[in-house]
Amino acid sequence: MILRPARESDRDTIRRIVHEVHINPLNLDWRRFIVAEEESQIVGIGQIKPHGDDTRELASLAVIPSRQGQGIGTALVRALLQDSTPPLYLTCRTRLTSYYVRFGFVLLQPAEMPPYYRRLSRLVNLFAGGGRQRMAVMRWSGP
Ligand SMILES: CC(C)(COP(=O)(O)OP(=O)(O)OC[C@H]1O[C@@H](n2cnc3c(N)ncnc32)[C@H](O)[C@@H]1OP(=O)(O)O)[C@@H](O)C(=O)NCCC(=O)NCCS
């Protein structure tokens with residue numbers, strides 16, 4: 001498996017994987033993505049997404065279902081962190097927070113969130129009900 005910056009020709013594959021794993025389909029500019037490729041097949045993707053408030057978000061992390069649980073997501077996160085300066089934010093379902101803790105992300109309370117993430121998580125969680133489907137916001141402050 002190799003990790004490489006995405007190319008324009010990867011655009012449709014990125015969209016297909018995002019739809020396949022049911023994550024946010026907005027803001028998928030291929031120029032911000034890295035991809036994990038194996039025998040000419042893209043098996044995982046991830047991006048760093050800049051926001052208007054100058055924060056940056058680790059986003060669109062996805063591994064194709066048949067290759068999940070084999071370290072590809074871990075390799076993608078490590079590569080994205082290695083090429084980034086802190087802080088980085090991310091949003092995820094509450095059930096995934098332990099996955100990101102292993103990379104040094106910490107769970108934020110609403111008062112600690114930048115306003116964009118606080119508004120987004122309030123809005124999403126209004127409709128999410130309780131439990132592990134709620135949206136969490138996390139921050140990575142460096143290695
Ligand atoms: C979440 C995801 C990116 C992880 O990538 P991966 O390559 O499958 O995971 P890795 O092989 O790197 O890591 C495996 C570990 O993560 C844990 N893990 C994977 N998916 C998990 C999940 N949904 N909830 C909790 N833990 C999870 C596994 O239990 C495993 O733990 P272990 O190392 O202690 O055995 C991948 O499963 C995926 O694409 N899921 C669907 C899309 C998604 O939810 N993306 C995240 C958006 S925030």
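Because only heavy atoms are used, hydrogens play no part in the values below, and waters and symmetry mates are left out as well, while side chains stay in. Just follow the structure's listing: the first ligand is 1, and inside any ligand the first atom is 1.
- Residues L81 and I72 share a single hydrophobic cluster, defined by chaining ILVMFWY side chains whose heavy atoms lie under 4.5 Å apart.
- Following chains of ILVMFWY side-chain contacts shorter than 4.5 Å, one cannot reach I23 starting from Y89, and the two form parts of different hydrophobic clusters.
- Inside a 4.0 Å radius of atom 15 (C) of ligand 1 there is at least one protein heavy atom.
- Shown in contact with T91 at under 4.0 Å from a heavy atom are these atoms of ligand 1, numbered in order with element: 48 (S).
- At a threshold of 4.5 Å between non-hydrogen side-chain atoms, the residues E38 and I64 do not count as touching.
- Protein heavy atom at the shortest distance from atom 38 (C) of ligand 1 is Q68 NE2, 3.4 Å.
- Residue-level proximity to ligand 1 for R78 is absent, since no heavy atom of it falls below 4.0 angstrom.
- Contacts of L90 with ligand 1, taken as heavy-atom pairs under 4.0 Å, are absent altogether.
- Annotation: Q70 places an N or O atom under 3.5 Å from an N or O atom of ligand 1; distance criterion only.
- No chain of hydrophobic side-chain contacts below 4.5 Å, direct or via other Ile, Leu, Val, Met, Phe, Trp or Tyr residues, connects L61 to L120.
- Taking the six-membered ring where the residue is Trp, F103 and Y99 present perpendicular rings, their angle passing 60° and hence far from 30°.
- The nearest protein heavy atom to atom 3 (C) of ligand 1 is closer than 4.0 Å.
- Using a 4.5 Å cut-off between side-chain heavy atoms of Ile, Leu, Val, Met, Phe, Trp and Tyr, with links allowed through other members, V124 and M138 fall into different hydrophobic clusters.
- What sits closest to atom 12 (O) of ligand 1 on the protein, heavy atoms only, is T74 OG1, 2.6 Å.
- Annotation: C92 places no N or O atom under 3.5 Å from an N or O atom of ligand 1; distance criterion only.
- Annotation: atom 18 (N) of ligand 1 to nearest protein heavy atom, Y99 CD1, 4.0 Å.
- Grouping the Ile, Leu, Val, Met, Phe, Trp and Tyr side chains by contacts below 4.5 angstrom, directly or via other members, places L90 apart from L123.
- The distance criterion of under 3.5 Å between nitrogen or oxygen atoms is not met by A62 with respect to ligand 1.
- Nearest to atom 30 (C) of ligand 1 among the protein's heavy atoms is R102 NH2, 4.2 Å.
- Within the 4.0 angstrom cut-off, atom 35 (O) of ligand 1 has no protein heavy-atom neighbours.
- Under the 4.5 Å side-chain criterion, counting only non-hydrogen atoms from C-beta, L58 is not in contact with W140.
- Considering backbone and side-chain N/O atoms, Y100 never comes within less than 3.5 Å of an N/O atom of ligand 1.
- Of the protein's heavy atoms, L61 O, 2.9 Å lies nearest to atom 45 (N) of ligand 1.
- Near V63, meaning under 4.0 Å from any of its heavy atoms, are these atoms of ligand 1: 5 (O), 7 (O), 38 (C), 39 (O).
- The shortest contact between atom 11 (O) of ligand 1 and any protein heavy atom is with G71 N, 2.5 Å.
- Of the N or O atoms in R95, one or more lie within a sub-3.5 Å distance of an N or O in ligand 1.
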Just distance, no hydrogens or angles: give the donor-acceptor pairs under 3.5 Å from side chains in residues 104-118, sequence neighbours left out.
{"unit_1": "E112", "atom_1": "OE1", "unit_2": "Q109", "atom_2": "N", "d": "2.6"}
{"unit_1": "Y117", "atom_1": "OH", "unit_2": "T55", "atom_2": "OG1", "d": "3.1"}
{"unit_1": "R118", "atom_1": "NH1", "unit_2": "P110", "atom_2": "O", "d": "3.1"}
{"unit_1": "R118", "atom_1": "NH1", "unit_2": "M113", "atom_2": "O", "d": "2.9"}

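- Panel note: side chain S60, backbone Q47; no donor-acceptor pair is recorded below 3.5 Å.
- Side-chain contact between K49 and N24 is present, with heavy atoms from C-beta onward closer than 4.5 Å.
- The neighbour count for R122 CZ, taken as heavy atoms of other residues, nucleotides or ligands under 6.0 Å away, does not exceed 12.
- Protein heavy atoms are found inside the 4.0 Å sphere centred on atom 40 (N) of ligand 1.
- For atom 8 (O) of ligand 1, the candidate residues are G73, G44, G69, A59; the nearest heavy-atom contact is made by G69.
- Across V21, L96, V43, I17, heavy-atom proximity to atom 22 (C) of ligand 1 is greatest for L96.
- Within the structure, ligand 1 lacks R93 among the residues with a heavy atom less than 4.0 angstrom away.
- At least one side-chain heavy atom of R56 sits under 4.5 Å from a side-chain heavy atom of L88.
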